[in-house]
Structures are given as C-alpha cells and as structure tokens.
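Heavy-atom basis, side chains included; hydrogens, waters and symmetry copies ignored. In what follows, residues are counted from 1 in the order of the sequence shown.
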Amino acid sequence: MANIKSQIKRIKTNDKARERNKSARSTIKTAIRRFRDALTSGDNKAITTELQKASRLLDVAVAKGVLHTNQAANKKSAMAKSAHKAGVK
C-alpha cells in the first residue's frame, strides 16, 4: 500500500473506475449476446430492437471512455452486417 496521501486517493479512484468500467463492459457483452440470440431465433423485429440497444450501449461506453471509438465501431459494423445478412433492413 502506498504511503503518500495522493497516491492512496488515486488507488481508490482507480478501483472505482475499474469497477464501473467492468460493469459497463459486462452490460455490453450481455447486449451483444442478446443480439446474437435474436439472430438465431430469426425474428426480424427482435433483431432490430436488440441491434439498436447494443449500438446505443456501445455509443454510451465510447462517450464515457470505457471503449475505444474504433472498437465500438467494429462491433457495431459486425452486428449490422450480420443483421443485414439475416434479412433485416
């Protein structure tokens, strides 16, 4: 453990940020998994809603600094491509 007061505070804030980021990444993974489940079901309405939810969560994560912009863009692009392949417009 650090002896310097500012470093002790920094460790605490880093832990808080790590927990927040971990939670955000978990919700993103869940949304992407739900999108993939909707793809396998073949329901076009479910696919579009899950795609929108996952895309929104990715955008929020980028805005909060959890994900890099390009990583979110790649995930959104891959999901849109698979949705288009499934016949969703």
Side-chain angles (χ1 to χ4, degrees):
M1 189 71 184
N3 293 328
I4 300 168
K5 189 175 182 179
S6 62
Q7 190 59 37
I8 292 170
K9 182 179 179 183
R10 198 67 209 144
I11 289 169
K12 286 181 185 178
T13 57
N14 286 343
D15 285 341
K16 285 181 190 176
R18 183 177 52 80
E19 288 297 322
R20 196 178 314 119
N21 291 343
K22 188 175 174 184
S23 174
R25 281 192 298 267
S26 176
T27 56
I28 290 168
K29 287 178 184 177
T30 303
I32 292 172
R33 189 180 69 243
R34 286 185 180 152
F35 169 74
R36 289 187 184 136
D37 291 342
L39 271 179
T40 57
S41 73
D43 183 17
N44 285 348
K45 189 172 183 178
I47 292 171
T48 55
T49 57
E50 294 301 328
L51 176 63
Q52 288 173 348
K53 287 179 186 177
S55 295
R56 193 174 298 121
L57 282 173
L58 286 166
D59 289 337
V60 169
V62 167
K64 292 188 175 185
V66 176
L67 286 180
H68 192 274
T69 310
N70 291 347
Q71 184 180 15
N74 286 338
K75 287 181 186 292
K76 285 169 55 176
S77 174
M79 286 190 302
K81 186 177 180 181
S82 59
H84 183 70
K85 202 174 197 181
V88 177
K89 300 210 179 203

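- Salt-bridge formation is detected for the pair Asp15/Arg18: a Lys NZ or Arg NE/NH1/NH2 atom is positioned less than 4.0 Å from an Asp or Glu carboxylate oxygen.
- The distance from the CZ atom of Arg20 to the NZ atom of Lys64 is 8.0 Å, given to the nearest 0.5 Å.
- Taken from CG in Asp59 to OG1 in Thr69, the straight-line distance is 10.0 Å, to the nearest 0.5 Å.
- Remark: the backbone N or O of Ala73 is not paired with any side-chain donor or acceptor of Ser77 at under 3.5 angstrom.
- Residue Ile32 is grouped with residue Val62 when hydrophobic side chains (ILVMFWY) are merged at heavy-atom distances under 4.5 angstrom, including chains of intermediate members.
- Interatomic distance, CZ of Arg33 versus CZ of Arg36, reported as 10.0 Å (0.5 Å rounding).
- Contact of the Lys12 side chain with the Ile8 side chain is registered, since non-hydrogen atoms from C-beta on lie closer than 4.5 Å.
- Remark: the backbone N or O of Ala78 is paired with a side-chain donor or acceptor of Ser82 at under 3.5 angstrom.
- The hydrophobic cluster containing Leu67 does not contain Val60, counting ILVMFWY residues as joined when their side-chain heavy atoms lie under 4.5 angstrom apart, directly or transitively.
- Nearest approach of Ile11 to Ala2, heavy atoms of both residues: CD1-CB, 4.1 Å.
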Are Leu51 and Ser55 close enough, and set up right, to give a side-chain contact (heavy atoms from CB on, under 4.5 Å), and what steps lead you there?
CA-CA 6 Å; Leu51 176 63; Ser55 295; 4.0 Å; yes

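- The two residues Leu57 and Ala31 have their closest heavy-atom pair at CD1-CB, 3.6 Å.
- Panel note: side chain Thr30, backbone Ser26; a donor-acceptor pair is recorded below 3.5 Å.
- For the residue pair Ile28 and Ala61, the shortest heavy atom distance occurs at CD1-CB, 3.4 Å.
- Put simply, CG on Leu58 and CZ on Arg56 are 11.5 Å apart, with the number rounded to the nearest 0.5 Å.
- Here the side chain of Ser41 pairs a donor or acceptor atom with the backbone of Ala38 at under 3.5 angstrom.
- Residues Glu50 and Leu39 fail the side-chain proximity criterion, which asks for heavy atoms closer than 4.5 Å.
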